[in-house]
Structures are given as C-alpha cells and as structure tokens.
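Read the structure below first, then the notes.
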Amino acid sequence: MVTAVMNKFLVFLEQREGIVKPSSISVWNRVQGLAALDGNSVVSGILAGPVEIGQLDGALGGDGVIYHAKEDGLRVYNQERYSRVIADLFEREACTALFFADTAMTRDMAPRLSVRMQASLLNGNALGEGDAAGVSRRVYSASFLASFVPTRKLRIYILSSSVRVVEFPDGGRINFIDIEPLQSTLKDLFPVVRRIIMGEGPPDVAEARIVVAGGRGMGGVESFALLEQTALLLGGAVGASRTAVDAGWRPHAEQIGQTGKTVAPVLYFACGISGAVQHLAGIGSAGVVVAINSDRDAPIFNVADYGLVGDVHIVLPKLIDLLKEFLKKQ
Ligand SMILES: Cc1cc2nc3c(=O)[nH]c(=O)nc-3n(C[C@H](O)[C@H](O)[C@H](O)COP(=O)(O)OP(=O)(O)OC[C@H]3O[C@@H](n4cnc5c(N)ncnc54)[C@H](O)[C@@H]3O)c2cc1C
C-alpha cells in the first residue's frame, strides 16, 4: 500500500556574506528529526543568494532537496525579493510548513510572509510533533510555559536560535537544485541605500552554542577580559546582565534577559550574576547552566545544573588554565 505524503516542510537556510548560518543548519536538522519521527513528511530547503555549497558537506542530516536561487540579486537580503522567492517556491512545491531560525532577518520577513501566504505564524523554543504541531515558549519573565497552536492549514515556524544539534551520524543525502526566480522577483522595488558589514568576530550571543556571561559581580569592565578568554577557548560568546550593560561594561547587543536577548546555548556560564527573574527570562532554553557566585544563597543556584561558590577573580583564571591544558591535549 502506498501512503501519501502529508507534510511538506520547507526550511529557509539563511546566508550572510555567503556563509550559511549555523542556526539555520540547526533548524534543518531539527526539522529532519521531526520528519523522521512522524515518517510521513518530506523536507526541502531554500537558499537565496550565491553560496559555496561545499561548506554544507556533512552539516545537513536526513534526505531532501535544497533549492538554490543563486542570483547575484539575492546576495544581499531584501525583504520584498526574499519573501517573493520563498513564497513562490512554497506555493509551487505545495508545502505545508515553512521553518526559520529566529534571527533578525526572520523577524523582518516572516510576519510579511504569513500575511501573504495566509499562514499561522508560530514562534517558540520547543516544537511539538504531528501534523498540527504547535510550539511552546516561556512567557511573563519565564513564569509560565505557553503553548501556541496553528489555526490555519499553512504554517510558518520561527524556532529559537538554539544551536543544540540534532546529530545525524550518517550525514544526509541532499540534492541541490538550481532555481531561477522570475525576473519580476528581482526587480528593485526597494533598492539598498547603505550596507553596514560587521567585521568578523565571535558569534552573536543569541546564536552561540556556548555563552559565558557576567554581571555586577565581575566588578568592572577589565574583568570581562576573563570572560572573553574563556569564551575564546570554548568557541563561545560573551553575554552580560543588564546591570553590567547599564554600567557601560558591555554593549547592549550582549544583554541577556527580558529587555535583552533570549539565548539557548548548550552551555551557559553565569559569572557574578545573581539570577534575577528578568535575567532568567532570557536563559529558559539554555542547556547546562553553570553558576559561579560568591554568595551561596544567590538565586542563580536554584536554576543552575552546576554551582561553584567562589570569587570569579579566583575561579575564572583557574578555569582558563585548566581549559588551556585540556585543549593542548586534544
Ligand atoms: C523591567 C525590567 C527589565 C529588566 N531586564 C533585564 C534584562 O534583560 N537582563 C538582566 O540581566 N536584568 C534585567 N533587569 C534587571 C534585573 O532585575 C537585575 O537587577 C539584574 O539582572 C541584576 O544583575 P546582576 O545579577 O549582574 O547584579 P546583582 O543582582 O547585583 O548580582 C551580582 C551578583 O554577583 C555576585 N558577586 C559579587 N561579587 C562577586 C565575586 N567577586 N565573585 C562572584 N560573584 C560575585 C553577588 O553575590 C550577586 O549575586 C530588568 C529589570 C527590570 C525592572
């Protein structure tokens, strides 16, 4: 008996400067994991802009097709062009759900697409299973876990930029197919006036697999050098509490919490951070939480998987030495 495929998932693989974002790769693998569970779904992807696809070797799990619109006109993000290319492919392939990683580009484009495609827009950390899968995410300073369910047949999901990787040990069997968007899609409705390219550096705190964050307990801007060193050794990013940002020790782009960014790393270090509810709002989806604090009664220890009572100025240099030793042996 032949079973009809019910779900056709399309994953947007975001590139910047020709580099596909790890958060998109993570979403691809999560969606593949979902499809493998229900056994009744196919997954395809879309890449917009010129990209060297060799960079994806071994990174993408599962089976599927990735449609690649290589046009130079798609090299730089443009909301109108990108949403037309994606919506056209979604419709042409009769897809049922579109998946994005939670990035600035997505937040700009997905609401527009949901109106255009008459699709439910769901934004969350955890994704349910099944055809009418909803998402859940923490709300009201992480006091409640809210579930959101789609009300329309077509759905757009924005998944947290968690880079918790779904492993596909055997890799995937992916076919790349070049597509040419309609010329009308590339027409310059909104020309780019100015581009600001950020220099190369550590990953954005919202996308990093490891975050080393500091608060008032770091004592000053200089001590953040310890966190930078730790983050560099671990390939992670530095984060900060609002107090550290308000003091001018770190930029706002690194602030984590209710009025900062939501992070979902596999490993989160809270150094000299008390664990105020507004800070915890930003780390509800973090994997393993390690807290270093001189006050054994600090609330951060209530959410930490590993807690170390001590002075960051003593503990962190020791941690850095141990990490260096460990990495030398690798
Ligand atoms: C509307 C609103 C929105 C907010 N949004 C955010 C937000 O997005 N993000 C955010 O972080 N906060 C936010 N806050 C602020 C929040 O309430 C806390 O004030 C803030 O998180 C505290 O930052 P902190 O943990 O660095 O400082 P503190 O609460 O002062 O804690 C410092 C910690 O460092 C420890 N410590 C001190 N010295 C050392 C040492 N030498 N070694 C080790 N530990 C040491 C202390 O024991 C203490 O636990 C918000 C507040 C409001 C009202």
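Numbering of ligands and ligand atoms starts at 1, following listing order. Below, all heavy atoms of this structure are taken into account, side chains as well, without hydrogens, waters or symmetry copies.
Not one N or O on the side chain of Glu207 forms a donor-acceptor pair closer than 3.5 Å with the backbone of Thr103. Remark: the backbone N or O of Arg75 is paired with a side-chain donor or acceptor of Gln15 at under 3.5 angstrom. At least one donor-acceptor pair under 3.5 Å links the side chain of Asn29 to the backbone N or O of Ala59.
With contacts defined as side-chain heavy-atom distances shorter than 4.5 Å, the pair Leu56/Leu47 qualifies. Leu122 places a side-chain heavy atom less than 4.5 Å from the side chain of Pro150.
Which of Arg242, His252, His313 comes nearest to atom 15 (C) of ligand 1 through a heavy atom is settled by distance: it is Arg242. The option with the heavy atom closest to atom 17 (O) of ligand 1, from among Gln255, His279, Gln278, Gln258, is Gln278. When Gly219, Ser223, Ser274, Ala213 are checked for heavy-atom proximity to atom 29 (O) of ligand 1, Ser274 turns out nearest. For atom 32 (C) of ligand 1, the candidate residues are Gly272, Gly260, Gly257; the nearest heavy-atom contact is made by Gly272.
A salt bridge between Arg116 and Glu91 is absent, with no side-chain N of the basic residue lying under 4.0 Å from a carboxylate O of the acidic one.
Ring orientation note: the planes of His279 and Tyr268 are tilted relative to one another, at an angle of 30° to 60°. Phe12 and Tyr82 have perpendicular rings, their planes meeting at more than 60° on a 0 to 90° scale where under 30° would count as parallel.
Neither the backbone nor the side chain of Val277 has any atom closer than 4.0 Å to an atom of ligand 1 (non-hydrogen atoms only). Of all the heavy atoms of Ala276, the ones lying under 4.0 Å from any atom of ligand 1 belong exclusively to the side chain.
Here the heavy atom of the protein found nearest to atom 40 (C) of ligand 1 is Gly217 O, 3.5 Å. For atom 19 (O) of ligand 1, the closest non-hydrogen atom of the protein is Thr243 OG1, 4.0 Å. For atom 9 (N) of ligand 1, the closest non-hydrogen atom of the protein is Ile256 O, 2.8 Å. Distance from atom 42 (N) of ligand 1 to its nearest protein heavy atom, with residue and atom name: Val312 N, 2.9 Å. Of all protein heavy atoms, the one lying nearest to atom 35 (C) of ligand 1 is Asn293 OD1, 3.3 Å. Looking from atom 45 (C) of ligand 1 to the surrounding protein, the closest heavy atom is Ser294 OG, 3.2 Å. Among all non-hydrogen protein atoms, the one lying nearest atom 27 (O) of ligand 1 is Arg216 CB, 3.5 Å. Closest to atom 41 (N) of ligand 1 among all protein heavy atoms lies Asp311 OD1, 3.0 Å.
For ligand 1 and Gly215, the ligand atoms under 4.0 Å from any heavy atom of the residue are 26 (O). Contact atoms of ligand 1 toward Gly310: 42 (N), 43 (C) (distance under 4.0 Å to a heavy atom of the residue). Set against the non-hydrogen atoms of Thr259, the atoms of ligand 1 under 4.0 Å away are 3 (C), 4 (C), 5 (N), 6 (C), 7 (C), 8 (O).
Counted by atom type alone, Arg112 and Gln79 present one or more donor-acceptor pairs between their side chains at under 3.5 Å.
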Below 3.5 Å, can you tabulate the donor-acceptor pairs from side chains in residues 300-318 to any protein atom, sequence neighbours excluded?
residue: Asp305; atom: OD2; partner: Val289; partner atom: N; Å: 2.7
residue: Asp311; atom: OD1; partner: His313; partner atom: N; Å: 2.8
residue: Asp311; atom: OD1; partner: His313; partner atom: ND1; Å: 2.9
residue: His313; atom: NE2; partner: Met218; partner atom: O; Å: 2.9
residue: His313; atom: NE2; partner: Ser223; partner atom: OG; Å: 3.1

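Under a 4.0 Å heavy-atom criterion, Gly214 is not in contact with ligand 1.
For the ring pair (Phe, Tyr, Trp, His ring centres under 6.0 Å) test, no residue two or more places apart in sequence or in another chain qualifies with Phe224.
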